[in-house]
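To start, the structure under review is shown below, and the notes come after it.
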Amino acid sequence: MKKIQNIITALFIAVCFFGCEKDDICSGTTPTTPRLMIEFREKDNPTILKPVTDLKARATGMTTDVIFNEALASTDPKRYLTSANKIGLPLRITGVITEYTLTQNSTSANPAIRNEDKITFNYNTREIYVSRACGYKTNFNLTGIPTQEPNSVDNNRWISNIVVETPNIETENEIHIKIYF
């Protein structure tokens with residue numbers, strides 16, 4: 001009888017352990033949905049990277065701008081500005097079009113040098129299963145050259161040319177678009 005109790009206890013413990021699942025935690029290093037990586041270059045000398053002064057980016061339909069400086073306080077307006085020569089912009093995963101207004105010299109008091117261009121990115125999406133903890137990520141495939149709308153204020157564009165370098169957006173480790181100005 002003691003032997004049967006021991007076997008039943010052992011089976012009960014084994015069943016309990018088989019019912020356990022390992023903790024599902026999505027590591028911070030796990031690749032997620034990549035942003036569109038853009039590099040800015042000198043239009044007259046394309047080999048030279050050129051920073052955009054006080055660049056601000058806002059997707060159409062959004063109420064806030066893209067955050068470039070997450071380390072700043074949430075109330076600091078400088079968190080939405082960058083003067084870099086490379087940026088990453090998120091694309092909408094629920095559609096096939098994302099439109100951005102990119103404003104150069106956005107903090108200038110002089111409206112003559114503050115200039116904004118509206119760019120439309122068309123793409124296809126593809127969901128990829130990452131893991132049970134992380135869920136899915138979305139990769140993108142640009143379906144043409146991004147289009148520009150004239151500036152609504154003065155029809156003056158600060159962006160002179162847009163070139164697609166890598167239409168498949170699967171990682172943030174490469175430049176997808178080069179913008180010349």
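Shown here for Pro51 and Ser83, the closest heavy-atom pair between the two residues is CB-O, 3.1 Å. Heavy-atom minimum distance, Pro90 versus Gly88: CD-O, 4.1 Å. What you find for Phe68 and Ala57 is that their closest heavy atoms are CZ-CB, 4.0 Å. In plain terms, the two heavy atoms of Gly95 and Tyr123 that are nearest each other are O-CE1, 3.4 Å.
Lys86 has its side chain within reach of Ile175: a pair of non-hydrogen atoms, C-beta onward, lies under 4.5 Å apart. Within the 4.5 Å cutoff, side-chain heavy atoms of Leu36 are placed close to those of Phe121. Two residues are said to be in side-chain contact when any heavy atoms from C-beta on lie closer than 4.5 Å; Val52 and Trp158 meet this criterion. Side-chain contact between Ile179 and Glu39 is absent, with no heavy atoms from C-beta onward closer than 4.5 Å. Considering only heavy atoms from C-beta on, Asn141 comes within 4.5 Å of Pro167 through its side chain. In this structure the side chain of Thr30 never reaches within 4.5 angstrom of the side chain of Ser131, judged on heavy atoms. A heavy-atom distance below 4.5 Å is not found between the side chains of Cys134 and Thr32. Using a 4.5 Å cut-off on side-chain heavy atoms (C-beta onward), Phe40 and Ile159 make no contact.
Transitive grouping of hydrophobic side chains (ILVMFWY, heavy atoms separated by less than 4.5 Å) brings Ile93 and Leu89 into a common cluster. Put simply, Tyr100 and Leu142 are part of the same group of oily side chains (I, L, V, M, F, W, Y) that touch within less than 4.5 Å, one to the next. By the criterion of side-chain heavy atoms lying less than 4.5 angstrom apart, applied directly or through intervening Ile, Leu, Val, Met, Phe, Trp or Tyr residues, Leu91 is grouped together with Leu102 in one hydrophobic cluster.
In this structure, Phe181 CZ and Glu42 CD are separated by 7.5 Å, a value rounded to the nearest 0.5 Å. A distance of 11.0 Å separates CG of Asp76 from CD1 of Ile67, quoted to the nearest 0.5 Å. Atom CD1 of Ile162 and atom CD1 of Ile177 lie 7.0 Å apart (nearest 0.5 Å). Separating the CG atom in Asn124 from the CD1 atom in Ile169 is a distance of 11.0 Å, to the nearest 0.5 Å. We find the CZ-CG distance between Arg126 and Asn168 to be 7.0 Å, quoted to the nearest 0.5 Å. Atoms OG1 and NE2, on Thr166 and His176 in that order, are 6.0 Å from each other to the nearest 0.5 Å.
The side chain to side chain donor-acceptor pair (under 3.5 Å) analysis of residues 53-74, with sequence neighbours excluded, yields the pairs Asp54-Thr107, Arg58-Asp65, Thr60-Glu99. The disulfide (SG to SG under 2.5 Å) pairs that include a residue from residues 87-123 number zero, where partners must be two or more places apart or lie in different chains.
When atom types are taken as modelled, the side chain of Arg41 and the backbone of Thr47 share a donor-acceptor pair closer than 3.5 angstrom. In this structure, Asn105 contributes its side chain and Ile113 its backbone to a donor-acceptor pair below 3.5 Å. Counting only distance, with no hydrogens or angles, the side chain of Glu172 and the backbone of Arg35 share a donor-acceptor pair below 3.5 Å.
Arg92 pairs with exactly one of Thr98, Thr125, Thr138 by the side chain to side chain contact (heavy atoms under 4.5 Å, CB included) rule, that one being Thr98. For the side chain to side chain contact (heavy atoms under 4.5 Å, CB included) criterion with Leu55, the lone passing option out of Ile87, Thr103, Leu81 is Ile87.
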